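Model, not experiment: these values are computed from the prediction. Computed from heavy atoms alone, side chains included, the values below leave out hydrogens, waters and symmetry copies.
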Amino acid sequence: MGFRHPEHRHARAYRHVPKYRYPAQFEGGEKELLERIEELLLRGGYVLGEEVAEFERRLAGYLGAAHTVGVNSGTDALILTLDALGVGPGDEVVTVANSFHATAQAIARRGATPVYVDCRDDDFLMDLDRLPEALTERTRAVILVHMFGAAADVPRAARLCRDAGVALVEDCAQAIGARSHGVRVGTASAAGCWSFAPSKNLAAAGDAGAVSVQDDELAERLRLLRHFGQPRQNEHRVLGYNSRLDTLQALVLLHKLDRLDAWNARRAAHAATYRARLAPFPLRFQQPGEEGAHVYHLFQVRTETEAVRDGLLDHLTACGVDAVVRYPVPLPHQPALDGPAARRHACPVAEELSRQTLCLPIRPDLDAAEIGHVCDTVAGYFTTEAP
C-alpha cells in the first residue's frame with residue numbers, strides 16, 4: 001500500500017487541488033525508508049542517534065556550511081541562535097514586519113524586544129533601505145527573513161550589520177535551496193535557521209529544525225544549548241534546552257534531501273506557468289529575483305484591493321482550490337507582540353500585503369490538470385464575479 005492516502009485516487013475527480021499531498025513525497029522509495037524506520041524502532045537510539053549526525057553532515061555539505069546543528073523545530077533554531085549570540089533582556093532585534101509569528105516570538109522569548117522594518121513592494125522582502133533607521137545602540141542582531149522562498153539580499157544586509165556592529169541571522173525556514181547572489185542562503189551570516197515542518201520544501205514527518213553556522217565555537221555552543229547545556233551526562237556547563245532533532249525525523253529528512261533540488265525546480269516551473277497563464281488578469285506577483293533565488297515555498301498572488309482578494313479566495317475555495325492567506329495580520333499588530341517598539345516604524349507595505357495577497361497551491365507534484373483547474377478558476381472569477 002505504501003504511503004498513498006485513501007482519497008488520493010479520487011482527488012482529481014472532485015477537482016480538489018490541495019495545498020499539500022504528503023504521500024507524493026515518499027513515492028518511489030518508501031520501502032527502503034520504512035525498513036530503516038523499523039530497524040531504528042527496534043534498535044533504539046531515538047535521541048541524537050547516528051542518523052542525526054549523518055543528516056547534519058549531509059545538510060552542511062548541501063548548504064556549504066561548516067556545521068549544521070539539528071534541533072526540534074525552526075522556532076527553537078531561532079531561539080537557541082539568539083541565546084548563543086548572547087541576546088537577552090534589554091536588547092533589541094530587528095526583523096521584517098511580514099513574517100510568521102515565530103520570527104518575532106523567538107526574539108520575545110529571549111526577553112529582547114522585536115523592532116520591525118517594512119518590506120518592499122516588489123519582492124515582499126525586508127526593505128534594506130529602511131534597515132539603518134531601525135538600528136539603535138540597543139540593537140544586538142537583525143533577523144533577515146527569506147519570505148515565501150525568495151532569497152533576500154544577504155551580502156547587503158551583512159554589510160549593513162557589520163557596519164553597525166550587530167549580528168546577522170537568517171530565517172531560512174521557507175527557503176532551503178535558494179541562493180542570494182549565487183550563494184546558498186544560511187551560509188553567509190552568523191547563522192541560518194531552518195524549519196523542516198511538514199509543509200516545508202524539505203519536510204520531516206513532524207517538527208524538526210536546524211541551525212547552519214561557519215564558526216566552530218558557535219556550533220559547539222548550539223550543541224550544548226540543545227541538550228540541556230551538557231557536554232556529557234550530568235555535567236551542565238550552561239543553562240540549556242531540551243531541543244534535539246529526533247533520530248526518526250533525521251531518517252525522513254535523509255530520505256528526501258537528495259530530491260530537494262528536483263522538487264524546487266518543479267516548484268519554479270509551476271510558478272512560471274502560473275505567471276504566464278494569469279498574466280491577463282489584474283494580479284501582481286512576488287518578484288523572483290535572479291535565477292535560483294526563489295524556491296517557491298509559497299506562490300503569492302496580489303490583488304488590487306482587499307475586497308477582490310477576499311472574493312477570489314472564497315471563489316477558489318468553493319471550487320476546490322486550497323488557496324490560503326499568509327499572513328493576514330502583520331507582526332506589529334499581533335496582540336502577543338504589542339508594545340511601543342512594535343509601532344516605532346510605520347510598515348504600510350506589510351499592511352497592504354496582508355490585505356491583498358493570497359497563496360495558490362504550488363506542490364512539486366502538481367500536474368497539468370490541477371494547474372489548469374486553478375488558473376481556470378481564477379479566470380472564472382475575474383470574468384464573472386469580480387467587483
Side-chain angles (χ1 to χ4, degrees), residues 33 36-89 91 93 102 105-107 109-112 140-141 143 167 169-173 176 186-187 189-197 202 204-255 257:
L33 175 59
R36 293 195 70 180
I37 290 174
E38 180 182 23
E39 189 274 332
L40 169 64
L41 293 176
L42 296 176
R43 163 170 51 92
Y46 307 140
V47 177
L48 294 180
E50 60 189 49
E51 290 84 358
V52 173
E54 180 185 355
F55 174 67
E56 290 174 334
R57 288 192 299 271
R58 287 186 54 192
L59 179 62
Y62 172 82
L63 296 173
H67 307 272
T68 62
V69 179
V71 296
N72 78 350
S73 69
T75 304
D76 268 15
L78 289 163
I79 294 172
L80 270 64
T81 295
L82 294 176
D83 190 332
L85 292 172
V87 174
D91 295 330
V93 177
Q105 176 185 300
I107 299 167
R109 281 295 181 192
R110 287 298 308 143
R140 192 66 179 270
I143 298 180
V169 174
E170 296 172 71
D171 183 338
C172 307
I176 189 164
T187 62
S189 59
C193 298
W194 306 90
S195 170
F196 307 118
L202 178 63
D207 280 324
V211 183
S212 54
V213 298
Q214 306 291 14
D215 183 78
D216 296 347
E217 291 185 7
L218 184 58
E220 183 56 30
R221 182 165 178 82
L222 286 163
R223 293 188 185 101
L224 283 174
L225 288 171
R226 75 174 174 184
H227 190 44
F228 301 105
Q230 59 178 10
R232 58 189 61 84
Q233 193 71 23
N234 298 320
E235 180 187 336
H236 301 273
R237 292 186 183 176
V238 297
L239 288 175
Y241 304 78
N242 180 9
S243 182
R244 299 157 306 184
L245 176 61
D246 288 342
T247 309
L248 187 147
Q249 301 299 349
L251 269 178
V252 174
L253 293 166
L254 280 166
H255 178 76
L257 183 58

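Using a distance-only test at 3.5 Å, with no hydrogens or angles considered, a donor-acceptor pair links the side chain of Y46 to the main chain of L41. Using a distance-only test at 3.5 Å, with no hydrogens or angles considered, no donor-acceptor pair links the side chain of R237 to the main chain of P231. In this structure, the side chain of T75 does not engage the main chain of A102 through any donor-acceptor pair within 3.5 Å. Under a 3.5 Å cut-off, the side chain of D171 and the backbone N or O of A173 do form a donor-acceptor pair. For Q214 (side chain) and T187 (main-chain N/O), a donor-acceptor pair under 3.5 Å exists by modelled atom type.
Side-chain contact between D207 and D246 is absent, with no heavy atoms from C-beta onward closer than 4.5 Å. Residues W194 and L63 form a side-chain contact, since some pair of their non-hydrogen atoms from C-beta on lies under 4.5 Å apart. With a 4.5 Å cut-off on side-chain heavy atoms, S212 and L59 do not count as touching. Inter-residue side-chain proximity for N72 and Y241 is flagged as unmet; no heavy-atom pair is nearer than 4.5 Å. Side-chain atoms of L257 and L253, non-hydrogen and from C-beta on, never get closer than 4.5 Å to each other. Looking at heavy atoms from C-beta onward, L85 lies in side-chain contact with V169 at the 4.5 angstrom threshold.
Looking at every heavy atom in both residues, A208 comes nearest to A204 through CB-CB, 3.8 Å. When every heavy atom of A210 is checked against every heavy atom of F196, the shortest pair comes out as CB-CE1, 3.7 Å. A pairwise comparison of heavy atoms in A112 and V87 identifies CB-CG1, 3.7 Å as the closest pair. Of all non-hydrogen atoms in L222 and A84, the two that sit nearest each other are CD2-CB, 3.9 Å. Considering all non-hydrogen atoms of both residues, V213 and A191 come closest at CG1-CB, 3.8 Å. Considering every non-hydrogen atom in both A167 and A190, the closest pair reads CB-CB, 4.5 Å.
Of the inter-residue distances, the one linking I143 atom CD1 with C193 atom SG reads 7.0 Å to the nearest 0.5 angstrom. For the atom pair NE2 of H227 and NE2 of H236, the computed distance is 8.5 Å after rounding to the nearest 0.5 Å. The line from CG of L224 to CG of L80 is 10.5 Å long, rounded to the nearest 0.5 Å. To the nearest 0.5 Å, atom CG of residue L78 and atom CZ of residue R109 are 13.5 Å apart. Taking CG of N234 as the start and CZ of R232 as the end, the distance is 11.5 Å to the nearest 0.5 Å. Within the model, atoms CG of L251 and CG of L40 stand 5.5 Å from one another, a figure rounded to the nearest 0.5 Å.
Sorted by first then second residue, the salt bridge (Lys or Arg N to Asp or Glu O under 4.0 Å) pairs that include residues 222-231, not counting sequence neighbours, are E56-R226, E220-R223. Here salt bridge (Lys or Arg N to Asp or Glu O under 4.0 Å) pairs that include residues 62-87, with residues two or more places apart or in two chains, are D83-R110, D83-R221.
More than 12 non-hydrogen atoms from other residues, nucleotides or ligands lie less than 6.0 angstrom from CD of E235. Taking a 6.0 Å sphere around CG of L239, one finds it holds 12 or fewer heavy atoms contributed by other residues, nucleotides or ligands.
Scored by the salt bridge (Lys or Arg N to Asp or Glu O under 4.0 Å) test, R244 finds no partners at all (sequence neighbours excluded). With sequence neighbours excluded, the residues satisfying side chain to side chain donor-acceptor pair (under 3.5 Å) with R58 are D258. Partners of E54 according to the salt bridge (Lys or Arg N to Asp or Glu O under 4.0 Å) rule, which considers only residues two or more places apart in sequence or in another chain, are R36. Every residue two or more places apart in sequence or in another chain that forms a salt bridge (Lys or Arg N to Asp or Glu O under 4.0 Å) with E39 is listed here: R43.
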